[in-house]
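Below: the structure, in structure tokens.
Scope of the values below: all heavy atoms of this structure, side chains included, with no hydrogens, waters or symmetry mates. Letters A, B, ... mirror the listed sequences (proteins, then strands); counts begin at 1.
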Protein chains: 2
Amino acid sequence: MGSLTEENYIKSIYSLSQATGEVFVSELARKLEVKLPTVNSMIKKLASKKMVAYAPYQGIKLTEKGKREALGIIRKHRLAELFLVKVMGLGWEEVHDIAEQLEHVNSPRFYARIDELLNYPGFDPHGEPIPDSNGKIQLQKRTSLNDLAEGETAIITAVAEDEKSFLDHLNAKSLQIGNRITIVKKELFDCSITLQLKSKKEVMLTHQVAERILVDKLNGK
Amino acid sequence: MGSLTEENYIKSIYSLSQATGEVFVSELARKLEVKLPTVNSMIKKLASKKMVAYAPYQGIKLTEKGKREALGIIRKHRLAELFLVKVMGLGWEEVHDIAEQLEHVNSPRFYARIDELLNYPGFDPHGEPIPDSNGKIQLQKRTSLNDLAEGETAIITAVAEDEKSFLDHLNAKSLQIGNRITIVKKELFDCSITLQLKSKKEVMLTHQVAERILVDKLNGK
DNA sequence: ATATAATGTTAGACTAATCTAATATATTAA
DNA sequence: TTAATATATTAGATTAGTCTAACATTATAT
């Protein structure tokens, strides 16, 4: 395990590289709010520790070792956020900064217990995947109902929330995992969404609910 | 707020000074596992920040400002320990190291919520007082039944535990806050304690239970 | 295709926290 | 009361992480 600073570099490299695969010194400097030469020398250090692959003027790439480290930190961050919301009852808007600190806590026991209390969640409530303790992670962010356009059809595959009141709400609307649904209307005004079920019945959902329903898009038809 | 290192110095100075009032450079160096000159220069820095009062070759004393800082950290440490045990279900033996990390988390919201979830505890389960959010602290560690000698009499004033099973256990033994009790016997072998109640009834308690019963000694008679 | 702009690197300095070696002060014991 | 011991301080070096200023490379745009 590296220093707190090293952890932050690794984490930022990981998240920046999610889109492009490679990360440039200037992007990292912007993200971490330090100057270019600072990043430059830290990258050399991380390269010497085999956390990143790097050649001057080329981009930065995490090695397997670096990826493992990054996933460990992201796991801790996302577990912490979920824990702060679900167990401690804090609001989603206020947990990020706390999780930024908790992600550096070094205690496998602490995180194993959080994982257990949350019943080994695979996704956080935004649909972002939580790496498991071996660093396994779902390849991409799950699409939620909100990500679908009008007319698109998809299968409900998971819900990113397991509070009883939420699940009851879904039941009341006849929504279950495995159901095929089609988007009928997305309301701009309040972001509510209307779906059609296989039974042709239509149901309306608020943005908050739709966000927590994860789906697989059906491409052909 | 100072750096993590500064916080650790302040906390150690506080705990060392609890006994004696003054702390010497060498004690601090031993406790923090660094060399004398390291402590010497850090003390000068803390003195320049008005956290400690210090003159060469004299002891180190926390200023009011330093004390406030120390109490804030101790508050966070003890709340964290209690939280890890009561809410997260970890064992007492394993929470100290985690609390050493959590005590440096900077988030009034996080700690206010822990305080609330624990119902604003005044003592941790070892009878150590938890400073309140204004830094107010009970002046000394509460005495537990275990601190009494054979023949001594005291009044039960609090219990440092409020799990139902524990409270049921006390009820079953007819022990309640306000009761006057006298120590009849302390068993060396298993540290169990036998008390006499006002009703003359005798009850035996294990060390673990006695530790969580807090008392005020009766001096005269 | 070359000048300009954007991006990256090197050199050298600074601060925080630590160290070792040398020196100074205070305490204790003969 | 002075030598021996314990404790504290100063001086100077080291490492991690940061900075500014100067220079180098790559990309872009007429």
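With sequence neighbours left out, the salt bridge (charged side-chain N to carboxylate O under 4.0 Å, His left out) criterion links B/Lys76 to no other residue. B/His104 pairs by the ring-ring contact (aromatic ring centres under 6.0 Å, His included) definition with nothing, not counting sequence neighbours. Residues passing the salt bridge (charged side-chain N to carboxylate O under 4.0 Å, His left out) test with A/Arg109, sequence neighbours excluded: B/Glu94. Applying the side-chain contact (heavy atoms from CB on, under 4.5 Å) rule to A/Thr38 yields the partners A/Tyr9, A/Val34, A/Lys35; only residues at least two apart in sequence or on another chain are considered. In this structure B/His207 satisfies the ring-ring contact (aromatic ring centres under 6.0 Å, His included) test with no other residue, sequence neighbours excluded.
For the pair B/Ile60 CD1 and D/dT7 C1', the computed distance is 12 Å after rounding to whole Å. When the P atom of D/dT9 is taken as reference, atom CD1 of B/Ile43 falls 9 Å away, rounded to whole Å. A/Leu28 has its CG atom 14 Å from the P atom of C/dT7, to the nearest Å. Separating the CZ atom of B/Phe24 from the C1' atom of D/dT9 is a distance of 16 Å, rounded to the nearest angstrom. Remark: C1' of D/dA8 and CG of B/Asn40 are 7 Å apart, rounded to the nearest angstrom.
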Quick tally for nucleotides 12-20 of chain C: nucleotides whose base has a protein heavy atom under 4.0 Å get B, sugar-phosphate-only ones S, the rest -, giving ----SSBBB
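Annotation for B/Lys31: atom NZ counts as buried by contact number, over 12 foreign heavy atoms lying within 6.0 Å.
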Polar atom pairs (N or O), protein with nucleotides 25-27 of chain D, under 3.5 Å:
{"unit_1": "D/dT25", "atom_1": "O4'", "unit_2": "A/Tyr57", "atom_2": "OH", "d": "3.2"}

Please report, to 0.1 Å, the donor-acceptor pairs under 3.5 Å made by any side chain of residues 48-57 of chain B, with sequence neighbours excluded.
{"unit_1": "B/Ser48", "atom_1": "OG", "unit_2": "B/Lys45", "atom_2": "O", "d": "2.8"}
{"unit_1": "B/Lys49", "atom_1": "NZ", "unit_2": "B/Glu6", "atom_2": "OE1", "d": "3.0"}
{"unit_1": "B/Lys49", "atom_1": "NZ", "unit_2": "B/Glu6", "atom_2": "OE2", "d": "3.0"}

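Listed by first then second residue, pairs satisfying salt bridge (Lys or Arg N to Asp or Glu O under 4.0 Å) with a partner in residues 65-74 of chain B read B/Glu64-B/Lys67, not counting sequence neighbours.
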